[in-house]
Amino acid sequence: MAHITTIEGQMNASGLRIAILAARFNDFIVDRLISGAVDYLSRHGGERDNLTIIRVPGAFEMPVVCARLAKSGKYDGILALGAVIRGSTPHFDYVASEATKGFAHVMLESGVPVGFGLLTTDNIEQAVERAGTKAGNKGVDAAAALLETIRVLEQI
């Protein structure tokens, strides 16, 4: 039987320069996502000097800043953290959809991985659950996915 080559990302953040792009809107949630992500990256060898936090008003503004960060050549990956919570208008649908499309576009155009840590929840309780309580911390999950993607791309 022929040997099968497997490429997997090692969970080692050592030496990586990571931009943490964070929305100020719903900052009581986003700050918990940031804390979880920074803790995760630090525990996996990341140096705090190699982490840069960039704050923007909200999720809708994130893709344009994400694109500029990707083009800068300064970062191995970008971690996008935010929280869009459904209200009584269709605003949620537009913001969540356009931000998501924007991040995907940046990744595909630039080749720079973007960790997707944008919560899209129906209410504040769901957001709190995903920012470090019952449902874990999605900032940690996004940081882990980003780290693994960076390390996979290095091997291809």
Side-chain angles (χ1 to χ4, degrees), residues 9 11-87 91-151 153:
M11 303 311 256
N12 177 1
S14 181
L16 294 179
R17 298 159 305 148
I18 306 291
I20 300 173
L21 177 59
R24 247 189 271 104
F25 199 77
N26 292 319
D27 63 348
F28 67 101
I29 297 294
V30 178
D31 288 347
R32 293 167 132 192
L33 299 175
I34 293 169
S35 294
V38 168
D39 179 63
Y40 177 86
L41 292 168
S42 296
R43 286 186 293 110
H44 287 83
E47 298 88 22
R48 287 179 177 263
D49 289 348
N50 286 344
L51 303 178
T52 303
I53 298 174
I54 301 96
R55 298 302 291 246
V56 296
F60 193 76
E61 294 77 25
M62 291 174 77
V64 69
V65 177
C66 189
R68 182 71 57 92
L69 291 167
K71 286 178 190 165
S72 76
K74 296 178 184 177
Y75 303 101
D76 299 298
I78 301 162
L79 184 58
L81 301 175
V84 184
I85 301 170
R86 187 180 300 280
H91 184 256
F92 166 93
D93 298 308
Y94 299 117
V95 171
S97 177
E98 293 307 312
T100 302
K101 281 188 228 170
F103 297 139
H105 181 76
V106 168
M107 269 200 301
L108 295 174
E109 288 291 313
S110 71
V112 176
V114 177
F116 185 73
L118 181 66
L119 299 182
T120 53
T121 63
D122 288 326
N123 54 53
I124 290 171
E125 293 76 24
Q126 288 176 349
V128 169
E129 286 174 6
R130 287 161 179 75
T133 61
K134 285 197 288 194
N137 186 312
K138 298 306 178 187
V140 170
D141 296 347
L146 175 63
L147 181 53
E148 188 171 355
T149 302
I150 291 168
R151 295 304 192 194
L153 288 172

**OP:** Report the distance from atom CG of Asp27 to atom CZ of Arg24, rounding to the nearest 0.5 Å.
**Re:** 8.5 Å
**OP:** Could you pull out the closest heavy-atom pair between Ala83 and Ile29, with the gap in Å?
**Re:** CB-CG2, 3.9 Å
**OP:** Considering non-hydrogen atoms only, spot the tightest contact between Leu118 and Ala99 and give its length.
**Re:** CD2-CB, 3.7 Å
Subject >> Interatomic distance, Leu16 atom CG to Asp76 atom CG [nearest 0.5 angstrom] >> reply: 5.0 Å
**OP:** First locate atom CD1 of Ile18, then atom CG of Leu69, and finally report the distance between them rounded to the nearest 0.5 Å.
**Re:** 11.5 Å
**OP:** Can you see which heavy atom on Cys66 is nearest to which on Phe103, and at what distance?
**Re:** SG-CD2, 4.1 Å
Subject >> Ion pair Lys101/Glu98, N-O distance below 4.0 Å >> reply: yes
Subject >> CD1 (Ile54) with more than 12 external heavy atoms under 6.0 Å >> reply: yes
**OP:** Starting at CD1 of Ile85, measure out to OG1 of Thr121 and round the result to the nearest 0.5 Å.
**Re:** 4.5 Å
**OP:** Starting at CG of Leu41, measure out to CG of Leu146 and round the result to the nearest 0.5 Å.
**Re:** 7.5 Å
**OP:** Using a cut-off of 6.0 Å, state whether more than 12 heavy atoms not belonging to Phe60 lie near its atom CZ.
**Re:** no
**OP:** Looking only at non-hydrogen atoms, find the nearest pair between Leu81 and Ala37 and report the distance.
**Re:** CD1-CB, 4.2 Å
Original post:
Which atom names give the shortest non-hydrogen contact between Pro113 and Thr149, and what distance separates them?
Top reply: CB-CG2, 3.9 Å
Original post:
Is there any salt bridge (charged side-chain N to carboxylate O under 4.0 Å, His left out) pair reaching into residues 112-130, and which pairs are they, with sequence neighbours excluded?
Top reply: Arg86-Asp122, Glu129-Lys134
**OP:** Take Ser110 and Lys71, measure what side chain to side chain contact (heavy atoms under 4.5 Å, CB included) needs, and give me the verdict at the end.
**Re:** CA-CA 7 Å; Ser110 71; Lys71 286 178 190 165; 5.7 Å; no
Subject >> Heavy atoms from other residues, nucleotides or ligands near CZ of Phe25 exceed 12 (cutoff 6.0 Å) >> reply: no
Original post:
With a cut-off of 6.0 Å (strictly less than), are more than 12 heavy atoms of other residues, nucleotides or ligands near CZ of Phe28?
Top reply: yes
Original post:
Sub-3.5 Å donor-acceptor pair from the side chain of Asn137 to the main-chain atoms of Arg32, do we have one?
Top reply: yes
Original post:
From Glu148 CD over to Ile150 CD1, what is the distance, rounded to the nearest 0.5 angstrom?
Top reply: 11.0 Å
Subject >> Pairwise salt bridge (charged side-chain N to carboxylate O under 4.0 Å, His left out) hits with a residue in residues 53-69, at least two apart >> reply: Asp31-Arg55
**OP:** Taking all heavy atoms of Ser14 and all of Glu47, pick out the closest pair and write down the distance.
**Re:** OG-OE2, 3.6 Å
Original post:
Is there a side-chain contact between Thr52 and Tyr75, using heavy atoms and a 4.5 Å cut-off?
Top reply: yes
**OP:** Begin with the C-alpha distance, continue with both residues' side-chain angles, and end with the deciding distance and a verdict on side chain to side chain contact (heavy atoms under 4.5 Å, CB included) for Gln126 and Leu119.
**Re:** CA-CA 9 Å; Gln126 288 176 349; Leu119 299 182; over 6 Å; no
